[in-house]
2 protein chains.
Amino acid sequence: MARPAASAAPRPGTSSPPPPPPVSRAAGAPGEGDPLVTRGPGAGLVPHLPGAFGALRVSTSPVGRRVRVPKTAELVASQLRRRIIRGELSEGDALPPEPALMAQFGVSRPTLREAFRVLEAEALISVRRGAHGGARVHAPSPVVAARYAGLVLEHRGATLGDVHQACAVIEPPCAALLAERRDPADVAALRDLLAACDEIADETMDLTAADLTAAQSAFHLAVVELTGNKSLSVLTGMLQHIVEITGGQPGHPAAPADQPDPLGPAERRLKARVTRQVHATLIDLIELGDVAGAQEHWRRHLAAPDHAIPGGPADRCVLDLLG
Amino acid sequence: MARPAASAAPRPGTSSPPPPPPVSRAAGAPGEGDPLVTRGPGAGLVPHLPGAFGALRVSTSPVGRRVRVPKTAELVASQLRRRIIRGELSEGDALPPEPALMAQFGVSRPTLREAFRVLEAEALISVRRGAHGGARVHAPSPVVAARYAGLVLEHRGATLGDVHQACAVIEPPCAALLAERRDPADVAALRDLLAACDEIADETMDLTAADLTAAQSAFHLAVVELTGNKSLSVLTGMLQHIVEITGGQPGHPAAPADQPDPLGPAERRLKARVTRQVHATLIDLIELGDVAGAQEHWRRHLAAPDHAIPGGPADRCVLDLLG
DNA sequence: GCATATTTGTGCGTATGTATT
DNA sequence: TAATACATACGCACAAATATG
């Protein structure tokens, strides 16, 4: 076998280069002696996540599924990914240097580097070179998921208004839930975010839209996050990120800034004030426990022309995340 | 100034394909036919300002965060990815063999392979080796995005009930929209899916839950997809996929099948019949145009104990997508 | 079974960037 | 500010496994 097995290294026909032992030296690395890449019988058992063709079901009818053999780099990436997701490797942790990982996994450097590129594309690690460089671990964020979801949406020709409409569907029920709960902590948190919006709107004289909309987006996200539902929070974060990188940046080619700044500073300041009032009203409705009122109020806010840009440029602006 | 160009042509005699243009990616000479990877000016764009740590009240905006220089493999992967998303490369298309791509991009084989691993991890290509092997293109699917979103949720300790609750928030407004629209095509499509559920429930005697729940999930997904909103469709597909690979598979370690089959065939058949009736009622409400009724009916269905398993095992079953 | 085309995994060398001294 | 050591980035060539006809 070409691949060095975990424990048994047959080494049948010794070629010119003697294959190194799978685990030779671990430079002060904790958790030494892990088999790590045991591809033999375990490879068939591990679901290894949905591959390119979906989960393989041991069902009856379609016997004979095209099975894609996992590459070695993919196995290495999966092992590292699992340790990151499980929390064994936390944000900021530094992975051992390449030679140590090569020894631990029993793979060569190109293979290890392929695994690095995969994890780097997933933003789970960031590799820096230099003196104290190496791979550092990052926690998974909705931004990563948003990138791929955005790819799917772009491939399907979704518009910016489509994404906005999704937010308009998700958020009102969350507002209703908060009103039903009437938790003072929720109200306080929202008031804090509202104050943050005010501060930004007041301090910045040029009133660049990016900062203000970011603060307003944080308010919208909080409405979802305070419900405690992690799935909706992640989904909303994804949608917001897609909106942000598509239409929020003025320099983006897909930005609806074809007409450069149709609003003057005065109108923009007025709009900010109106938005602030709408947000404040939501907090009041939540504090009062007006379930239906909060939901309807938030639904209208998200359906408002100046917020959703319905039928306007947003509905003709297909997503363009790739430049 | 880029890295030294490949001075030697990579064995042009061995491959029969058209003579690859000797794109040597000479320094500062972008005049070649298809430079593809032109890193020069792009790298010069990054500000690369020194570490601004103790920035005490910088005047305008905190521009100047840590920039991560993109690796060559990442650039190659981005170019291929863009061509896939843009539709220039469609599902099933075969990419040129490795030597041709090496010549086109002007990179070495390890670099190209790193790009392949990245795209393969994103399920945008699938590489098979052998005579007529090579890289084949696949359309992006919500399954890919679901994988990363699931990673985020697992890292945050989300439960299966959490994911289900997200579906319960998204779907009722969609049902309301369908009832408001009263499109006969929607009703027909839902009736077809209902019939498909019946067929599966009747034909399969062993009544393995996997097939039936898949058909029922298709019905739920259709409620969202028929609204025409692509974002919500993709999101719902992601959530369903997470549920499917986590709790749906009986063999999955995270499946709530610790108590093996608490339901006998009789009870399960009864449940299927009840579910069928609930689905049929939704179709009727949509056909009648009962907006509030359809929304409330679907909300209750998704909150029903036998559907959401609320507070039961689902709420204690954290997602486990990595084995 | 055999020939062929293709990807896969490996080793080693050089270039480049980063932090420390 | 300049020299230096460390760690990754990228390149090339060889041997092996694999799928097709």
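Exactly one of A:R83, A:H138, A:R136 qualifies for a side-chain contact (heavy atoms from CB on, under 4.5 Å) with A:L89. That residue is A:R83.
Distance from the side chain of B:R129 is smallest for C:dT8 among the nucleotides C:dA19, C:dT8, D:dT20. Across C:dT7, C:dT20, C:dT18, the shortest atom-to-atom separation from the side chain of A:H132 is found for C:dT20.
For B:K71, no side-chain nitrogen or oxygen approaches OP1 or OP2 of D:dC10 to under 4.0 Å.
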- [ ] Please test A:E74 against B:R117 for salt bridge (charged side-chain N to carboxylate O under 4.0 Å, His left out), starting from the C-alpha separation and ending with a verdict.
- [x] CA-CA 8 Å; A:E74 207 167 337; B:R117 290 293 88 78; 5.6 Å; no
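When rounded to the nearest whole Å, the span between CD of B:E98 and P of D:dA13 equals 15 Å. Whole-Å rounding puts the A:R128 CZ to D:dA7 P distance at 14 Å. Rounding to whole angstrom units, CD of residue A:E120 and P of D:dC10 are separated by 10 Å.
The side chain to side chain contact (heavy atoms under 4.5 Å, CB included) search around A:R156 returns A:V152, B:P142, B:K230, B:V234, not counting sequence neighbours.
Residues from residues 108-119 of chain B that place a heavy atom under 4.0 Å from any atom of DNA chain D, listed by number: B:S108, B:R109, B:P110, B:T111.
Put simply, the side chain of B:Q240 gets close to the backbone of B:S217: a donor and an acceptor are under 3.5 Å apart.
Of the two residues contacting DNA chain C, namely A:G133 and B:V127, the nearest-nucleotide position lying further toward the 5' end is that of B:V127.
With respect to B:E122 and A:R147, a salt bridge is recorded, a charged nitrogen being found less than 4.0 Å from a carboxylate O. Salt bridge absent: A:D320 and B:R82 never bring a charged side-chain N and a carboxylate O closer than 4.0 Å.
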